[in-house]
Amino acid sequence: MTTPPKGVQEAAQRAVRWIEDGKAGQGFTDTGRDRAHQLAKGDDVPEADLKKMHAYVERHTGDADAEGWSQGEDGFPSPGRVAWDAWGGDEGRRWAAKEVGD
């Protein structure tokens with residue numbers, strides 16, 4: 001078990017706000033919602049969850065090319081961006097890779 005770094009918590013907190021504002025989209029899953037709350041609260045993360053995080057972010061790195069990913073773009077935050085931050089955002093990607101030894 002390991003505690004998420006501050007940057008991971010902040011990304012997840014942003015995602016929680018966006019989820020509550022209805023910006024997650026229809027396809028947003030309970031798993032993503034649960035992960036956002038786990039990370040936002042700074043709860044310790046088991047190794048199995050870190051492996052899931054790592055797999056998720058590696059599958060979704062291409063989502064950053066979609067419109068609405070970056071602040072100032074139409075549609076910001078896109079559902080993909082909400083999901084990305086729910087899983088810890090860029091900092092979460094780095095943290096999960098480091099923790100799982102990738």
Q. Would H60 and D63 satisfy side-chain hydrogen bond (donor to acceptor under 3.5 Å, both in side chains), going step by step from the backbone distance to the final call?
A. CA-CA 5 Å; H60 290 274; D63 293 355; 2.9 Å; yes
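- Under the 4.0 Å criterion applied to side-chain N and carboxylate O atoms, R14 and E10 are not assigned as salt-bridge partners.
- The line from CZ of R81 to CD of Q71 is 8.5 Å long, rounded to the nearest 0.5 Å.
- Note that CZ of F28 is 14.0 Å distant from NZ of K23, once rounded to the nearest 0.5 Å.
- In this structure a side-chain-to-backbone donor-acceptor pair under 3.5 Å is present from Q9 to P4.
- Centroid-to-centroid, the aromatic rings of Y56 and W84 stay 6.0 Å apart or farther.
- Between A86 and G32, the closest heavy-atom pair is CB-O, 3.7 Å.
- You'll find the side chain of F76 reaches within 4.5 Å of the side chain of W18, heavy atoms only.
- Once rounded to the nearest 0.5 Å, the distance linking CE of M1 with CG of D43 reads 8.5 Å.
- The two residues A40 and A12 come nearest to each other via the heavy atoms N-CB, 3.5 Å.
- Proximity of W95 to V45: side-chain heavy atoms (C-beta onward) are separated by under 4.5 Å at one or more points.
- Using modelled atom types, one side-chain atom of E73 and one backbone atom of S70 make a donor-acceptor pair closer than 3.5 Å.
- Here CZ of R17 is found 7.0 Å from CD of Q13. Values are rounded to the nearest 0.5 Å.
- The minimum heavy-atom distance between A15 and A36, with the atom names listed, is CB-CB, 4.5 Å.
- In the hydrophobic cluster analysis, where Ile, Leu, Val, Met, Phe, Trp and Tyr join through side-chain heavy atoms closer than 4.5 angstrom, L39 is grouped together with V57.
- Atom NZ of K98 sits about 10.5 Å away from atom CG of L50, to the nearest 0.5 Å.
- Considering OG1 of T29 and CZ of R35, their distance stands at 9.5 Å, rounded to 0.5 Å.
- In E47, the CD atom is not crowded: 12 or fewer heavy atoms of neighbouring residues, nucleotides or ligands sit closer than 6.0 Å.
- Residues M53 and V100 have side chains not in contact (no heavy-atom distance under 4.5 Å, counting atoms from C-beta outward).
- Of the charged side-chain nitrogens involved, none lies within less than 4.0 Å of a carboxylate oxygen, so that R93 and D90 do not count as a salt-bridged pair.
- P79 is not listed as a side-chain neighbour of V82, based on a closest heavy-atom distance of 4.5 Å or more.
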